[in-house]
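Just below is one structure, and these are the notes that go with it.
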Amino acid sequence: SFLWCLCTYFLAFNFPLLWEEERYTDGVKWKFLEHKGPVFAPPYEPLPSRVKFYYDGKPMKLSPEAEEVATFFAKMLDHEYTTKDIFRKNFFKDWRKEMTAEEKATITDLKKCNFTEMSEYFKAQSEARKAMSKEEKQKIKEENERILQKYGFCIMDNHKERIANFRIEPPGLFRGRGDHPKMGMLKRRIRPQDIIINCSKDSKYPEPPPGTKWKEVRHDNKVTWLVSWTENIQGSIKYIMLNPSSRIKGEKDWQKYETARRLKKCVDRIRAQYREDWKSKEMRVRQRAVALYFIDKLALRAGNEKEEGETADTVGCCSLRVEHINLYPENEGQEFVVEFDFLGKDSIRYYNKVPVEKRVFKNLQLFMENKEPDDDLFDRLNTSILNKHLQELMDGLTAKVFRTYNASITLQQQLKELTTADENIPAKILSYNRANRAVAILCNHQRAPPKTFEKSMQNLQAKIDAKKDQLSDAKRELKSAKADAKVRKDEKTKKAVETKRKAVQRIEEQLMKLEVQATDREENKQIALGTSKLNYLDPRISVAWCKKWGIPIEKIYNKTQREKFAWAIDMADEDYEF
DNA sequence: CATAAAACTTAGGATCCTCGCA
DNA sequence: TGCGAGGATCCTAAGTTTTATG
């Protein structure tokens, strides 16, 4: 059936007769790759001379280089972080590097810099953009479309594929997430001589802009990227790659869920194993087993070590520190409670109180003995040790497979539990969203409550109230029509009763729809569903659910998502089981 | 082996765009 | 027919895993 799937899959992607040779071995990702290269950020446009920068109260004309960096700061003036010490310090240091000797000599204190005119100018610009005529907006749209058509696609092995991010990131001030030590640093402009092009030897190479050269053109078909450059904040490499709808990404995504399904088959054995390991006489084995238990039970991330001072202080499972957990032998009527409180990926807080097995609890006490708060909880463990162990338990098993597995299996279970046959479509979709929500909570996918949340909730409530009034009016009218019909007994009044009855029914439906919507929205206040839907939930579960209950797939997946999951929509029938 | 670099996936917020409603 | 809410899309940072290096 694996081969059958593979076959169906390639047919879905129009791979006539090719699929056997398309299954490259030894890491070959493609045989032919042709593209037009990246789109660079537009060049800097100096400010009109009437827009002034003031230093210490006096107007000062800046060199174009210094002015450009100043505009980056001016554009952020309304953000809170321009008031943060680290941001200001980093910005000022990098800004000074762009100044002429004279500017450097004059501008020595950021507090004496006045960017307000620049800031006002950009606000006015953005207003003007909003106020543009239809024709002007249309023209811009057409230009964007032209660029998309030219640069947004590539040819990979006989297929025209959409590129994900064909535009080079423009220069600006770096703003990491959370308490980032590098916030405010200058992210420099990327030039053609910074760019490495990857394409096939026998393709038409992309042209660098006139008068420039690429850093390198290479032909590495063991990787999937088309363009790369080194970014100056962390010194890491950035890539241009294909869209999720592409064959190369879709196949990888499918493979990911197949690995998670293989874990399903052996997860009982693995769980038994780590429970056994809680008793091991070797400390490293116990630590490994407790960490794995957390990763499995709580869907924690692996938690690689990070270089101190280079990024925000965040952790995952293996990098948890003593200060991130509290142990309660007894708490709110439960025994052996562990309280987690730490910042995870993107500095999103993870807070959870969970009762654990006594053995886990005792182990944690042991791991914490004679340690300072900032010592590692699992001092004999890191992600590479853990993943090596997992690899021995199952081919292709790594820590993140547990997140995928637990997310997908939770969706499947919840859908089974929450969906009832007699509900209408909106109610079924609410059930779907609730199942999705259970996963988002498991994976701790949070969002900031939308700024307009309270207001929009009030609006919705007002609508509901209005609908209720409308309903009682309609009911009253129905009642009087009925009374009328009883007296008159003619066709006309009979018909009127039917009309009124229909009206009541329609309004009741509308009311219910609104109420469902309100519930859904309220429950979703701080939870982001998108991330799990896009990255953790085997789409075939959703496709099967839609088929089973006659829900149009568009109700669950928008256009982009349908493109990304085309493979699953084609592959899964209503009996699909994860 | 340990470590660093490279490759690739996952993530939340900003911005753009559309659609329903007053 | 203009407006605002909310979804779609864009953006790019921040993770994990794989591969290269010494």
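Proteins come first, then strands; the chains are lettered A, B, ... in the order of their sequence lines, and each starts at number 1.
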Are A:His445 and A:Tyr536, when compared by the centres of their aromatic rings, separated by less than 6.0 Å? yes

Is there a side-chain contact between A:Arg403 and the phosphate of B:dA11, meaning an N or O under 4.0 Å from OP1 or OP2? yes

Taking the ring centre of each residue, are A:Phe565 and A:Tyr557 less than 6.0 Å apart? yes

Would you classify A:Ile348 as touching base, sugar-phosphate or nothing, given that sugar-phosphate means primed atoms plus P, OP1 and OP2, and contacts are heavy atoms under 4.0 Å? sugar-phosphate

Using whole Å, what does the distance between atom P of nucleotide B:dA7 and atom CH2 of A:Trp30 come to? 12 Å

Can a side chain N or O of A:Lys249 be found less than 4.0 Å away from OP1 or OP2 on B:dC8? no

Touch check for A:Lys388, heavy atoms < 4.0 angstrom, all strands: base, sugar-phosphate only, or nothing? nothing

Cationic tip of A:Lys75 within the cone over A:Phe122's six-membered ring, i.e. under 6.0 Å and within 45° of the normal? yes

With no hydrogens and no angle check, just 3.5 Å: does a side-chain donor-acceptor pair link A:Gln255 and A:Glu251? no

Answer with yes or no after comparing the ring centroid distance for A:Trp95 and A:Phe115 against a 6.0 Å cut-off, counting only values under it. yes

Counting any heavy atom closer than 4.0 Å, what does A:Lys533 reach on the DNA or RNA strands: base, sugar-phosphate only, or nothing? nothing

Could you tell me whether A:Pro170 contacts a base, only the sugar-phosphate backbone, or nothing, with contacts defined as non-hydrogen atoms closer than 4.0 Å? sugar-phosphate

Look at the side-chain N and O atoms of A:Asn165 and state whether any lies under 4.0 Å from the OP1 or OP2 oxygen of C:dC11. no

What integer distance in Å separates A:Glu310:CD from B:dA4:P? 12 Å

Is the closest side-chain donor-acceptor distance between A:Asn436 and A:Ser532 under 3.5 Å? yes

Describe the nucleic acid contact of A:Arg447 in one word from base, sugar-phosphate, nothing, applying a heavy-atom distance below 4.0 Å. sugar-phosphate

Rounded to whole Å, the CD1-P distance (A:Ile140 to B:dC16) equals 11 Å

Near DNA chain B, under 4.0 Å by heavy atom, which residues of residues 228-241 of chain A? A:Ile237, A:Tyr239, A:Met241

Other residues, nucleotides, ligands: >12 heavy atoms within 6.0 Å of A:Lys201 NZ: no

If you take the centroid of each ring, where Trp contributes its six-membered ring, are A:Phe174 and A:His180 closer together than 6.0 Å? yes

In whole Å, what is the span from the CG atom of A:Asn243 to the P atom of C:dT12? 16 Å

Students often mix this up, so state it plainly: with edges at 30° and 60°, are the rings of A:Tyr293 and A:Tyr274 parallel, tilted or perpendicular? perpendicular

I need a per-nucleotide contact map over nucleotides 17-22 of chain B, read 5' to 3'. Cutoff is protein heavy atoms under 4.0 Å; write B for the base, S for backbone only, - otherwise. -S----

Of A:Lys564 and A:Ala448, the one whose closest nucleotide on DNA chain B sits nearer the 5' end is A:Lys564

Could you state the atom-to-atom distance from CZ of A:Arg349 to P of C:dA14 in whole Å? 20 Å

Could you verify whether a donor N or O on one side chain and an acceptor N or O on the other, from A:Asn304 and A:Thr383, lie under 3.5 Å apart? yes

Atom CD of A:Glu307 to atom C1' of C:dA14: distance rounded to whole Å? 15 Å

Rounding to an integer number of Å, can you tell me how far A:Phe342 CZ sits from C:dA14 P? 17 Å

One character per nucleotide, please: for nucleotides 15-22 of chain C, 5' to 3', B when the base has a protein heavy atom closer than 4.0 Å, S when only the sugar-phosphate does, - otherwise. SBBS----

Have a look at A:Phe166 and tell me which of A:Leu148, A:Asn243, A:Val227, A:Leu226 forms a side chain to side chain contact (heavy atoms under 4.5 Å, CB included) with it. A:Leu148

Of A:Arg129 and A:Lys29, whose nearest nucleotide on DNA chain B comes first from the 5' end? A:Lys29

Any A:His180 side-chain nitrogen or oxygen under 4.0 Å from OP1 or OP2 of C:dA14: yes

Cation over ring face, A:Lys160 and A:Phe153, 6.0 Å, 45°: yes

Dump the intermediate steps for salt bridge (Lys or Arg N to Asp or Glu O under 4.0 Å) on A:Asp78 and A:Lys123, then the final yes or no. CA-CA 11 Å; A:Asp78 288 340; A:Lys123 276 183 212 160; 3.5 Å; yes

What is the distance, to the nearest angstrom, from the CG atom on A:Leu226 to the P atom on B:dA7? 12 Å

